[in-house]
Amino acid sequence: METIYALSSAAGRAGIAVLRLSGPHVRRAVAALTGRGPGRPRAAELRRLSDPETGAALDRGLLLFFEAPHSFTGEDVAEFHVHGGRAVVAAVLAALAKIEGLRAAAPGEFTRRAFEAGKLDLTEVEGLADLIDAETEAQRAQALRQMEGALGSLYEGWRARLMKALAYAEAEIDFPDEEVPGDLIEKLGPEIAALAAEIAAHLNDGGKGERLRDGVEVAIVGPPNAGKSSLLNRLAKRDAAIVSGEAGTTRDVLEVRLDIGGVPVTLADTAGLREAGGEIEREGVRRALAMAEAADLRIVVAAPDAGGDFALARGDDIRVFNKLDLAGEVPAGAIGVSALTGAGLERLEAALQDRIGAAFEAREHPVITRARHREGLRDCMVSLDRAGEALGRGLDAELVAEDLRLAARALGRITGRVDVEDLLDVIFRDFCIGK
Ligand code: GDP
C-alpha cells in the first residue's frame with residue numbers, strides 16, 4: 001500500500017494550511033521532514049520542517065499523529081498544520097514528493113481508504129461528501145445525520161432482519177424433516193410483510209432528501225409586465241433581473257439562488273406568458289412553460305394593469321397580486337404586494353418559508369438522499385414481494401430463500417457491504433483531493 005499525501009485545506013492564501021498523509025510510511029516521512037518520528041499519538045507537537053534532501057528550513061508547524069488503526073483511514077495518519085502561504089504549501093508538498101514511497105493522493109482517496117478499512121459505510125461516505133458541499137443549514141443537518149450513520153444503520157437494521165429470515169428459510173431447506181424452523185409461513189410471513197411496509201413508507205417520502213441536496217426549484221410565472229422581474233429582485237434583495245416597462249423584456253429564464261429557511265432555492269423568473277411576437281421571445285416563452293412545469297413550487301403573479309386574475313394558477317401555487325400601490329382590492333386567496341414599495345413582501349417571504357422551510361425540517365427518520373438509495377430499495381422491495389408471494393403460495397423454501405438473499409443484497413449494495421466494486425469509482429469521483 002502506498003503512502004499518500006495531499007493538501008486537505010482549501011488551496012490559496014490562508015492563516016493555516018493542513019497537509020495530510022496516510023499509509024505505512026507515515027512515520028518515516030515525519031522523520032524525514034522533522035528530524036524524528038512522531039511522538040505521542042493525538043497530541044499536537046510543534047516541529048520545524050525542513051527539506052529532506054537539502055536540510056533547508058521550510059516552516060514551523062504543528063504535527064498531529066494518529067496511529068493505525070485509530071485514524072480516519074485506519075492507517076497511520078499524520079497532519080501538518082503549517083502557515084497557509086502559497087510558497088510554504090508548495091515547498092512542503094515538494095519536500096513530501098521527494099520522500100520515497102510517497103505519492104500525491106487522488107481525489108477522495110483518503111475517504112476511499114476509510115471505506116475500505118470499514119470506518120465508514122457508503123451512505124456515510126456520501127454524507128461526508130454532502131457535508132463538504134452543504135451550503136445551507138438544512139443541507140448541513142441532513143448531511144451530518146447521514147455521515148453519522150443514521151441512514152446506514154436503518155438499512156443495516158433491515159438487512160440484519162432479512163438475514164435472520166433467510167436463516168430460517170435455509171434451515172427449512174437443510175433440515176426439512178426436523179422441527180427447527182417450525183411453520184415457515186407463520187414465522188416469515190408477518191416479518192416479510194412488516195419489512196415491506198417499513199421500506200415502502202421510507203420510499204414514500206416525496207423525494208425530500210434528494211430535493212434538499214439539489215435545491216428546490218421555484219418558478220415565478222405570470223403575464224408580461226405583472227412585475228415578475230421586480231419581484232425576483234425584491235426576493236433576491238439585489239438587482240438580478242432587468243426591469244423594464246416594455247412588455248416582453250425578460251426573454252430568457254433568469255435564476256437566482258436563495259436560502260429560504262435553510263433550504264437552497266433556485267428562484268427562476270420566466271418570460272411573460274403571452275402570445276409571443278419575435279422568435280427569441282417565443283423561445284423564452286417555451287422555456288418559461290417548461291420551467292414552470294418542472295418547478296417544485298410556482299409563484300403566479302397578477303397585477304391590475306397586466307391581467308388581474310390567476311387564470312394560470314393551479315392547486316397549491318402561491319398567488320401574488322402585485323402593484324398593490326396601484327389598486328386596492330386583492331383577490332381572495334392571493335397575497336397582495338408591491339414590488340415597487342416593498343409592501344406585503346414579508347407576507348410573501350413568510351409564505352415561502354412556510355411552504356419550503358417547514359417541509360424540509362429535520363424529521364425523526366433519516367431520508368433517502370440519492371437516486372442510488374431509491375434504486376436499491378426498490379430492488380429490495382421487488383425481491384421481498386416475490387418472497388412473500390412464493391411463501392403465500394406455499395412454494396419451495398429454496399425459492400423464498402433466494403428472493404430473501406436478493407433482497408438483502410440490494411440493501412447491502414446501498415451501504416457498501418456487498419459487491420460494490422463497480423460503484424466505488426462513481427461515488428469517489430465527486431470528492432476533492434485531500435478528502
Ligand atoms: P415582468 O415583465 O413581469 O418581469 O415585469 P417587470 O418586473 O419588468 O415590471 C414591469 C413594470 O412594472 C416595470 O415598469 C416596473 O417598474 C413596474 N412594476 C413592477 N412592480 C410594480 C409595483 O409593485 N408597483 C408599480 N406601480 N409598478 C411596478
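Nothing here was measured: the structure is a model prediction, and the numbers come from that model. Just so you know, ligand 1 is whichever comes first in the structure, and atom 1 is the first atom listed for that ligand.
- Using a 3.5 Å distance cut-off with no hydrogens or angles, the side chains of Asp121 and Thr415 do not pair a donor with an acceptor.
- Side chains of Gln146 and Thr123: a donor-acceptor N/O pair is absent below 3.5 angstrom, by distance only.
- Annotation: Ser230 places an N or O atom under 3.5 Å from an N or O atom of ligand 1; distance criterion only.
- When non-hydrogen atoms are compared, ligand 1 lies under 4.0 Å from the side chain of Asp325 (C-beta onward) but not from its backbone.
- Any N or O atom pair closer than 3.5 Å counts here, and Ala339 shares at least one such pair with ligand 1.
- The backbone N or O of Ile414 sits less than 3.5 Å from a side-chain atom of Arg372, completing a donor-acceptor pair.
- With a 4.0 Å cut-off on non-hydrogen atoms, Leu326 touches ligand 1 through its side chain and not its backbone.
- Within the structure, ligand 1 has Ala226 among the residues with a heavy atom less than 4.0 angstrom away.
- When Asn322, Ile220, Val221, Val301 are checked for heavy-atom proximity to atom 20 (N) of ligand 1, Asn322 turns out nearest.
- Those atoms of ligand 1 with a heavy atom of Ser338 less than 4.0 angstrom away are 22 (C), 23 (O), 24 (N).
- For a threshold of 3.5 Å applied to N or O pairs, the pair formed by Val337 and ligand 1 contains no separation below that value.
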task = Could you please spell out the steps behind the side-chain contact (heavy atoms from CB on, under 4.5 Å) verdict for Val82 and Leu19?
result = CA-CA 8 Å; Val82 298; Leu19 294 110; 3.6 Å; yes
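- Of the options Arg234, Lys228, Lys323, the smallest heavy-atom separation from atom 27 (N) of ligand 1 is shown by Lys323.
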message = Show, in sequence, the C-alpha distance, side-chain angles and deciding distance for Leu235 and Glu349, and conclude whether the side-chain contact (heavy atoms from CB on, under 4.5 Å) test is met.
response = CA-CA 8 Å; Leu235 290 169; Glu349 281 169 348; 3.9 Å; yes
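- Of all the atoms in ligand 1, the ones that sit under 4.0 Å from a non-hydrogen atom of Gly227 are 1 (P), 3 (O), 5 (O), 6 (P), 7 (O), 9 (O), 19 (C).
- A donor-acceptor contact shorter than 3.5 Å is absent between the side chain of Ser71 and the backbone of Glu67.
- If you check the side chains of His373 and Glu126, you find a donor sitting under 3.5 Å from an acceptor.
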